[in-house]
Amino acid sequence: NLNILSKHTDPGNVNYLFRPIQFSVTTTAGFFMVLNPVPIPQSIPYHVAGTYNGTELKYYVNGCLVADTPCTGTMVLNDLNTAIGNQSSNHTEPFTGYIDEVRIWNRCTVQMLR
C-alpha cells in the first residue's frame with residue numbers, strides 16, 4: 001500500500017490511486033485497475049506514469065508501456081484532498097522512498113522520437 005498519489009480513503013471512494021504496483025480510477029462505468037508487472041527495487045530511481053484516455057488505463061515504467069486494460073466512462077470526482085506519498089485523511093499507506101516530481105494533467109500527449 002505504498003501510495004505515490006492518492007485521492008481516496010478506502011476502496012469504495014477511489015477517484016484515482018497511483019502506486020508502484022498499480023494505477024486505479026473510478027469512472028461512471030465502475031472501478032478499474034491496472035497492475036504493474038515490473039518489479040521496482042527501492043534503491044534505483046524510476047519514472048512511473050499512469051494514464052486514462054477514456055478507453056484505456058495504462059501504466060508506464062521509464063517511458064515504456066508495461067500494462068494496460070480497457071476502461072470507459074467519465075472519471076468520478078470526490079471532495080477528498082489529493083495526497084502525495086500517502087492518504088490525505090489517514091496516514092496509513094505511506095510511500096517509502098523519494099518522490100522527485102508529481103504532475104496531474106487533464107490530457108495526455110505522446111511524442112514520437114526519431
Side-chain angles (χ1 to χ4, degrees):
N1 292 337
L2 307 170
N3 295 336
I4 296 171
L5 187 66
S6 164
K7 193 170 181 193
H8 86 296
T9 58
D10 60 62
N13 65 6
V14 172
N15 185 180
Y16 48 79
L17 175 58
F18 189 59
R19 295 176 170 162
I21 60 169
Q22 79 182 67
F23 176 47
S24 307
V25 298
T26 301
T27 73
T28 52
F31 174 80
F32 296 89
M33 176 175 46
V34 64
L35 297 175
N36 170 21
V38 177
I40 299 181
Q42 291 185 355
S43 60
I44 300 171
Y46 281 83
H47 176 267
V48 290
T51 64
Y52 172 57
N53 66 4
T55 60
E56 290 181 297
L57 199 61
K58 297 180 180 186
Y59 200 109
Y60 294 85
V61 175
N62 290 335
C64 297
L65 178 65
V66 297
D68 62 341
T69 191
C71 179
T72 59
T74 303
M75 285 187 68
V76 174
L77 302 178
N78 59 38
D79 292 332
L80 298 171
N81 291 324
T82 296
I84 298 171
N86 216 325
Q87 282 188 12
S88 60
S89 62
N90 112 24
H91 301 282
T92 60
E93 299 176 351
F95 179 78
T96 304
Y98 297 99
I99 298 174
D100 183 49
E101 187 173 336
V102 173
R103 294 183 186 191
I104 301 173
W105 298 83
N106 64 353
R107 66 185 190 288
C108 178
T109 59
V110 176
Q111 221 176 8
M112 301 301 287
L113 302 176
R114 296 176 194 241

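We number each residue from 1, following the sequence as shown.
Partners of Ile104 under the side-chain contact (heavy atoms from CB on, under 4.5 Å) rule, at least two apart in sequence or in another chain, are Leu5, Tyr16, Thr82. Residues forming a side-chain contact (heavy atoms from CB on, under 4.5 Å) with Gln22 (at least two apart in sequence, or on another chain): Leu17, Arg19, Ser24, Met33, Leu35. In terms of the side-chain hydrogen bond (donor to acceptor under 3.5 Å, both in side chains) criterion, Thr26 has no residue partners (sequence neighbours excluded). In this structure, the side-chain contact (heavy atoms from CB on, under 4.5 Å) partners of Asn36, at least two apart in sequence or on a different chain, are Val38, Ile40, Tyr59, Val61, Val66. Partners of Thr55 according to the side-chain hydrogen bond (donor to acceptor under 3.5 Å, both in side chains) rule, which considers only residues two or more places apart in sequence or in another chain, are Asn53.
In terms of heavy-atom proximity, Gly12 sits nearest to Asp10 at N-OD1, 2.7 Å. Considering every non-hydrogen atom in both Cys71 and Val25, the closest pair reads SG-CG2, 4.1 Å.
Rounded to the nearest 0.5 Å, atoms CG (Leu80) and CD (Gln87) are 9.0 Å apart. From Thr72, atom OG1 reaches atom OH of Tyr52 across 5.5 Å, with rounding to the nearest 0.5 Å. Here the OG1 atom belonging to Thr27 is positioned 11.5 Å from the CG atom belonging to Leu77, to the nearest 0.5 angstrom. Atom-to-atom distance recorded for Ile21:CD1 and Ile4:CD1 is 10.0 Å, nearest 0.5 angstrom. The CG atom of Leu2 sits 9.0 Å away from the CD atom of Glu93 when rounded to the nearest 0.5 Å.
The closest donor-acceptor contact from the side chain of Thr69 to the backbone of Leu57 lies at 3.5 Å or more, if one exists at all. Thr28 places a side-chain N or O within donor-acceptor distance of the main-chain N or O of Thr74, the cut-off being under 3.5 Å. Listed for the Lys7 side chain is a donor-acceptor partner under 3.5 Å among the backbone atoms of Asn78.
Phe95 places a side-chain heavy atom less than 4.5 Å from the side chain of Pro20.
When the side chains of ILVMFWY residues are joined at heavy-atom separations under 4.5 Å, either directly or via intervening members, Ile44 and Tyr98 end up in two distinct hydrophobic clusters.
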Inset, instruction - Start with the C-alpha gap between Glu56 and Val34, add the side-chain angles, then the distance that decides, and say whether side-chain contact (heavy atoms from CB on, under 4.5 Å) holds. - result: CA-CA 10 Å; Glu56 290 181 297; Val34 64; over 6 Å; no
Legend entry - Met75 vs Asn15, side-chain contact (heavy atoms from CB on, under 4.5 Å): CA-CA, chis, key distance, verdict: CA-CA 7 Å; Met75 285 187 68; Asn15 185 180; 3.8 Å; yes
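Among residues at least two apart or in separate chains, ring-ring contact (aromatic ring centres under 6.0 Å, His included) pairs with a member in residues 23-50 are Phe18-Phe23.
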